[in-house]
Number of protein chains: 2
Amino acid sequence: MTNKINLNNLTKSEEDYLKALFQLLIEDDSVKVGNNQLAEYLKVSPASTNNMIKKLKAKDYVISEKYGKLDLTEEGKAIAVRLIRKHRLWETFLYNYLNFTWDEVHDVAEQLEHIKSQKLIDELDRFMDFPKNDPHGEIIPNADGEYFILPRITLSSLSEGDVCQLVAVDDGSVNFLKYVSKIGLVLSSEIKILEIREFDKSIRIQFDNTVETVTRKFADNVFVKKVV
Amino acid sequence: MTNKINLNNLTKSEEDYLKALFQLLIEDDSVKVGNNQLAEYLKVSPASTNNMIKKLKAKDYVISEKYGKLDLTEEGKAIAVRLIRKHRLWETFLYNYLNFTWDEVHDVAEQLEHIKSQKLIDELDRFMDFPKNDPHGEIIPNADGEYFILPRITLSSLSEGDVCQLVAVDDGSVNFLKYVSKIGLVLSSEIKILEIREFDKSIRIQFDNTVETVTRKFADNVFVKKVV
DNA sequence: TAAAAAAGTTAGCTATGACTAACAAGATAA
DNA sequence: TTATCTTGTTAGTCATAGCTAACTTTTTTA
Ligand SMILES: [Mn+2]
Ligand SMILES: [Mn+2]
Ligand SMILES: [Mn+2]
Ligand SMILES: [Mn+2]
């Protein structure tokens, strides 16, 4: 009787629900996650999530009381972290070896993360010499299933005159990523906040001798660490 | 209106059926393929294949008359060939870059061949510098969808005294492939037929200073070209 | 604190892709 | 040529995973 978690008898859907719940639980730190919120995140109906949550509770991956909020068991979390590890390793492979761009990697990694083979992911990791971060700057969970969150704040939380360094970008929107690339921002870019316009909260930033004005919504998706 | 075939709206099952039918049609050259034969090959019930064939006929990938034999349309064939291309490119990647063994690649490639991304497969091909053969010796169909069959005969078809070179092995059985590796046979091995025992058709062969006796069944799965 | 809104649940439907059991058509053999 | 076997088809069932519509519970607001 080993202690190893069996990742191999979950459907693609079950995996996606566990990963989504994990991501909602860490995003809104300590804020409870509800059924409808999960439904909206996954773009399915509340009836669908309610149904799946029942199944995942029966399998001891999810905990919740009737009409109550959702939580993951340790096993549920472990499965989610392994999926995130696979997702980010594949994104790194596509980006570093197969000429995929920032905005192209996510959708294909969404498919590749469900391939069932422990050896495949171990060897991919070794082949790339155990990368630490994915192309969007996020930390890749290690083989032991340890999940670390990059210390970061959003660009929108800074004040005029602050200087920061780009550490990660949200990879949820292709259009956003194309936009980031187009204006020339890359990981580690040093960004100075020139001006925050009170009227619409738009922000004038400077980096690499470029000056751009970006919206608050844009700045919410850019993660930085403060330098000055 | 382009001439391109849309590979992206087929389910995994539909793809597997088209590929299976293609492989049966080229294996038993010109011999007709029936519903039950396809069912046995795919290890599903005849009712299941009958059902799927109806769907594939409606989509114009398969041709057949009621109670008649099965055939693929040009479009059906093109989809099958593209799947085989993906399968063999992934096997090559796993074998050449990720330390997978001969017998390990097939099952994972069965999953990877269904990932939907044209760029992924084009770039994987380029990354490996356009390999011509997969790890079992089979020819990888090119990007234009051309399918070539390796000129070959089975080891079992040779006579005493013949000398041949191993060009491919059947990749259907893990146990068979492990056995081939264990006795030391590799692609391009030069094999001499020392003796064919009439009693049970077992064959004594010699290669690289090794002498082995193999069964007829084994020799049926070893593909060679005659040297002498 | 009662009404309204939001959140969660249930019932019943659909599609896909398996299955078994019963049946029909075609091929083979006596 | 008729009986038998093989092959193919159909009907009906199940599991998975979606959906809508109706309902219940909880939370918020007036
Ligand atoms: Mn991603
Ligand atoms: Mn996914
Ligand atoms: Mn194979
Ligand atoms: Mn397949």
Side-chain angles (χ1 to χ4, degrees), chain A residues 6-21 24-25 28 30-72 76 79 83 110-111 113-114 116, chain B residues 6-21 24-25 28 30-72 76 79 83 110-111 113-114 116:
Chain A
N6 192 347
L7 277 171
N8 294 324
N9 41 18
L10 288 167
T11 65
K12 177 186 179 302
S13 285
E14 288 172 332
E15 290 186 342
D16 281 335
Y17 276 88
L18 290 175
K19 196 181 113 179
L21 185 50
L24 287 172
L25 285 166
D28 299 52
S30 85
V31 174
K32 298 289 181 193
V33 174
N35 181 72
N36 291 12
Q37 193 186 346
L38 181 60
E40 197 187 7
Y41 185 85
L42 283 168
K43 299 187 202 316
V44 296
S45 69
S48 296
T49 44
N50 191 272
N51 213 52
M52 180 60 91
I53 289 299
K54 268 184 197 163
K55 211 193 317 177
L56 295 173
K57 280 171 73 174
K59 291 192 177 187
D60 281 322
Y61 299 134
V62 169
I63 304 167
S64 79
E65 312 226 323
K66 204 169 176 178
Y67 291 98
K69 300 298 173 185
L70 308 172
D71 207 353
L72 286 163
I79 290 167
L83 282 165
E110 274 299 308
Q111 299 178 61
E113 74 189 13
H114 299 290
K116 284 163 174 41
Chain B
N6 192 346
L7 278 170
N8 294 324
N9 41 20
L10 288 167
T11 65
K12 178 187 180 301
S13 285
E14 288 172 331
E15 290 186 341
D16 281 336
Y17 277 87
L18 290 175
K19 196 180 112 179
L21 186 50
L24 287 172
L25 285 165
D28 299 52
S30 83
V31 174
K32 299 288 180 191
V33 174
N35 181 74
N36 291 14
Q37 194 186 345
L38 181 60
E40 197 188 7
Y41 184 84
L42 283 168
K43 298 187 204 313
V44 296
S45 70
S48 296
T49 44
N50 192 272
N51 213 52
M52 180 60 90
I53 288 299
K54 267 184 197 163
K55 211 193 318 176
L56 296 173
K57 279 170 73 173
K59 292 192 177 185
D60 280 323
Y61 299 135
V62 169
I63 304 165
S64 78
E65 312 227 324
K66 204 168 177 179
Y67 290 99
K69 299 299 173 183
L70 309 172
D71 206 353
L72 286 163
I79 291 166
L83 282 165
E110 273 300 309
Q111 299 178 64
E113 74 188 15
H114 299 290
K116 282 163 176 39

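Computed from a predicted model, the values in this text were never measured in an experiment. Within every chain, numbering begins at 1; the chains are lettered A, B, ... in the order of the sequence lines, protein sequences first and strands thereafter. Hydrogens, waters and symmetry mates are skipped; everything else that's a heavy atom, side chains included, is used.
Residue contacts shown for A/K54 are limited to sugar-phosphate atoms, with no base heavy atom under 4.0 Å away. Looking at heavy-atom distances under 4.0 Å, A/K69 makes contact with sugar-phosphate atoms alone, never a base. B/S48 comes within 4.0 angstrom of a base, heavy atoms only. The residue A/T11 sits close only to the backbone: its heavy atoms come under 4.0 Å of sugar-phosphate atoms, none of a base.
Of the candidate nucleotides C/dA18, D/dG18, D/dT9, D/dG18 has the atom lying nearest to any side-chain atom of A/V44. Of the candidate nucleotides C/dT10, D/dG8, D/dT10, C/dT10 has the atom nearest to the side chain of A/A47. Taking the side chain of B/K66 as heavy atoms from C-beta on, and the options C/dG8, D/dT10, D/dC19, the nearest nucleotide is D/dT10.
The interatomic distance linking B/K43 (NZ) with C/dA18 (C1') rounds to 16 Å, in whole Å. Distance, A/E14 CD to D/dA15 P: 15 Å, rounded to whole Å. Rounded to whole Å, the distance from CG on B/L38 to C1' on D/dG8 is 12 Å. Rounded to whole Å, atom P of C/dT16 lies 16 Å from atom CD of B/E15. Taking atom CG on B/N50 and atom C1' on C/dA25, their separation rounds to 13 Å, with Å as the unit. Atom CG in A/N35 sits roughly 18 Å away from atom P in D/dT24 (whole-Å rounding). Atoms CD (B/E40) and P (D/dT7) sit 9 Å apart, rounded to a whole Å. In this entry the distance linking NZ of A/K59 with P of D/dA15 reads 13 Å, nearest Å.
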side-chain contact (heavy atoms from CB on, under 4.5 Å) evaluation trace for A/D16 with A/K12: CA-CA 6 Å; A/D16 281 335; A/K12 177 186 179 302; 3.1 Å; yes
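A/S13 has a side-chain polar atom (N or O) that falls below the 4.0 Å cut-off from OP1 or OP2 of D/dG18. An OP1 or OP2 oxygen of D/dT20 is reached within less than 4.0 angstrom by no side-chain nitrogen or oxygen of A/S45. For C/dG8, neither phosphate oxygen OP1 nor OP2 lies less than 4.0 angstrom from any side-chain nitrogen or oxygen of A/K32. Residue B/Y17 has a polar side-chain atom (N or O) positioned under 4.0 Å from OP1 or OP2 of C/dA18.
Considering every non-hydrogen atom in both A/Q37 and A/K32, the closest pair reads OE1-O, 3.6 Å.
Of the possible polar contacts, one joining the B/K57 side chain to the B/S64 backbone as a donor-acceptor pair under 3.5 Å is found.
With sequence neighbours left out, A/K54 forms a salt bridge (charged side-chain N to carboxylate O under 4.0 Å, His left out) with no residue at all.
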